[in-house]
2 protein chains.
Amino acid sequence: MDTLETRELRYFMAVAEELHFGRAAERLGMAQPPLSRAIQQLERRLGVSLLERNRRGVSLTDAGEVLLHEGRAALDATTAAARRTQRAGGAQMSGGPRKRLVLAVKAGASHELLHKLLDAYAAEPDAVDIEVLPSGTCDQEGMLRDGRADVALMHAPFNSLAGFDSEELMTEGQIAVLPAGHRLAAQRALSLTDISDIPDLPLARWSRRGTYPPGPGPEIHDQTQLAQLIALGRTVAVFPDSARAWLWAEHTAVPLTDAPPVVTHIAWPAHSRSLALAGLIRTATRL
Amino acid sequence: MDTLETRELRYFMAVAEELHFGRAAERLGMAQPPLSRAIQQLERRLGVSLLERNRRGVSLTDAGEVLLHEGRAALDATTAAARRTQRAGGAQMSGGPRKRLVLAVKAGASHELLHKLLDAYAAEPDAVDIEVLPSGTCDQEGMLRDGRADVALMHAPFNSLAGFDSEELMTEGQIAVLPAGHRLAAQRALSLTDISDIPDLPLARWSRRGTYPPGPGPEIHDQTQLAQLIALGRTVAVFPDSARAWLWAEHTAVPLTDAPPVVTHIAWPAHSRSLALAGLIRTATRL
DNA sequence: CCCTGTCATACCTGGTGGGTATCACCGGGC
DNA sequence: GCCCGGTGATACCCACCAGGTATGACAGGG
């Protein structure tokens, strides 16, 4: 059969990610035996073995690998359905905000564009409330996928637009943000190689899903933290032009000649049919 | 809570589509009272009213409308996960086909391209079996979405590529297919207006999701049927150039000067990670 | 050799999904 | 006006199964 209950998917995802029944069960807030049994039943129903039970641990079969990816998408779509439904209906009963759109943005990025967009949209006759949801972790894709957001500002090439509809809004170059007193801060322009190997100024390393790329630079997970470390002369970082908006007095921005341009898009789930969303997109493309 | 069991989604979709608890229950193979109760529980859990129970029938609230669309996507993603997992795992146990990719195509379209693609791919060293799944109903989108297919040939502007990754393969003009003896069959070229209002040759009307657009022409749901009606001098139809491959002796093809070009794409789910699929796409783009 | 950590098995229990019977309500016919 | 047909909701019951606890089987390491 091709049923496949949400609960079973949740269970399998937990096991597939932990590769350990005990820890997975703990994460799910249940005991280990029923979890084992549920996975066995799932395997029997699908007629496919998903996990290789080696002594000492568990590993995924090819089919398990497929279910891990496809199941993630399915679970995201399911929770998105629940979230968006609640948002659509919450309005009509509580006297709260009539209708809301949740717009995911990268915290601190494209301030000016965002401001213009929100102002222009608010002036539209049929505008609804826009809730801006800033994400420090650059996870606008996930937010669209699991329904935490209805629409997002994304930045190629950092975000992938795969699976979404999108419109291009703005293209900008990138800058190196240096301590004001540093010798390179006096330059007119720099290249990526100029700043990638400065012994006294190692490039900052952003956290990606909790892990950091290797290198000598400080580990960063927060823009303010980074701004401070730059101001203290400890590191250097690369940002889109629009980051000039939040620079401190102790910072100096120098254009990068060979950094890839950053393209800001407005993106939304491909199947979306919301009129409010269509209005926001229309406004955005007219900016 | 943001749970939302697959079963509940299935139930809601049935009611939302039928707008009738009794018929929905019948379609689901269950009795009406438990279905009513399940929907009530769903509404309470989400804290949102989904259906307006008017005396004499049911209608959707705004939130219900949203759940109808989002839920369809979620259910499709779920059954896609099940189907693709079974395909990935079916190979390893039964001695059957090692690994399969299912390629959805519009029945009868792009014969030559398809042939070249399959031949070229079969010559690749790491080729897997390709199962060609022809669809008479032009529903390649749905096939990709619910996992019946892994990859599809789609034809803009007839199919929407929204939500998929795709690569352009071929662009072609369109032709009018006329009865060989008709006076217009002698022309070198025609425009859409030339053929849209011929009293003795009304344009054929294709079925779209079971309904037909209004007009005087015959109702068509099958290519052979259409071919026969043209050969009999009863109707005229518009096709991409590549349709010349299956024309009969009694048919005459005349190029259309102002018909939009047809672009054939190869398309696949945006999140797909299959190596076999990547190989097929690479072959296709090299054609 | 036993101890430890793993997942599987055995068995029991409570919650709940589903069935049947019935109600409440309304609109339409005569 | 009355009754009838058709709607969804309610009441009640039962059986199934998700989940818990206790325990087993099995391998690797001291």
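Just so it is clear, the model here is predicted, and its values are computed rather than measured. Convention: sequence-line order gives letters A, B, ...; per-chain numbering from 1.
Note on B:Glu8: nothing from the nucleic acid sits closer than 4.0 angstrom, heavy atoms only.
Smallest separation of non-hydrogen atoms from A:Leu35 and A:Leu28: CD1-CD1, 3.9 Å. Summarising the geometry of A:Leu144 relative to A:Val151, their closest heavy-atom pair is CD2-N, 3.3 Å, with the distance given to 0.1 Å.
No more than 12 heavy atoms of other residues, nucleotides or ligands sit less than 6.0 Å from atom CD of B:Glu26. Heavy atoms from other residues, nucleotides or ligands lying under 6.0 Å from CD of A:Glu65 number more than 12. Within a 6.0 Å sphere centred on CZ of B:Arg273, heavy atoms belonging to other residues, nucleotides or ligands number 12 at most. The environment of CZ in A:Arg10 is crowded: more than 12 heavy-atom neighbours from other residues, nucleotides or ligands sit within 6.0 Å.
Between B:Glu5 atom CD and D:dC17 atom P there is a gap of 16 Å when expressed in whole angstrom units. One can place CD of B:Gln41 at 11 Å from C1' of C:dG15, the figure rounded to the nearest angstrom. Computed from coordinates, the A:Phe12 CZ to D:dA18 C1' distance equals 20 Å when rounded to whole Å. Rounded to an integer number of Å, the gap from CG of A:Leu35 to P of C:dT6 is 14 Å. Distance, B:Ile39 CD1 to D:dT10 P: 14 Å, rounded to whole Å. Rounded to whole Å, atom P of C:dC7 lies 15 Å from atom CG of A:Leu50. What separates CZ of A:Arg10 from C1' of D:dA18 is a distance of 12 Å, to the nearest Å. For A:Glu18 and C:dC7, the CD to P distance is 11 Å, given to the nearest whole Å.
Picking from D:dT21, C:dC7, C:dG18 the nucleotide with the shortest atom distance to the side chain of A:Pro34 gives D:dT21.
Between B:Gln40 and D:dT10 there is a side-chain N or O to OP1 or OP2 distance below 4.0 Å. Proximity of B:Ser36 to the phosphate of D:dG8: no side-chain N or O atom is located under 4.0 Å from OP1 or OP2. Side-chain nitrogen and oxygen atoms of A:Arg37 include none within less than 4.0 Å of the OP1 or OP2 phosphate oxygen of C:dA8.
Where A:Pro33 and A:Ala38 meet DNA chain D, the nucleotide closest to each residue was compared, and A:Ala38 sits on the side nearer the 5' end.
A heavy atom lying under 4.0 Å from DNA chain D marks the following residues of residues 19-32 of chain B, by number: B:His20, B:Phe21, B:Gly22, B:Gln32.
With hydrogens and angles ignored, no donor-acceptor pair closer than 3.5 Å exists between the side chain of B:Arg7 and the base of C:dG17.
Salt bridge absent: B:Glu70 and A:Arg87 never bring a charged side-chain N and a carboxylate O closer than 4.0 Å.
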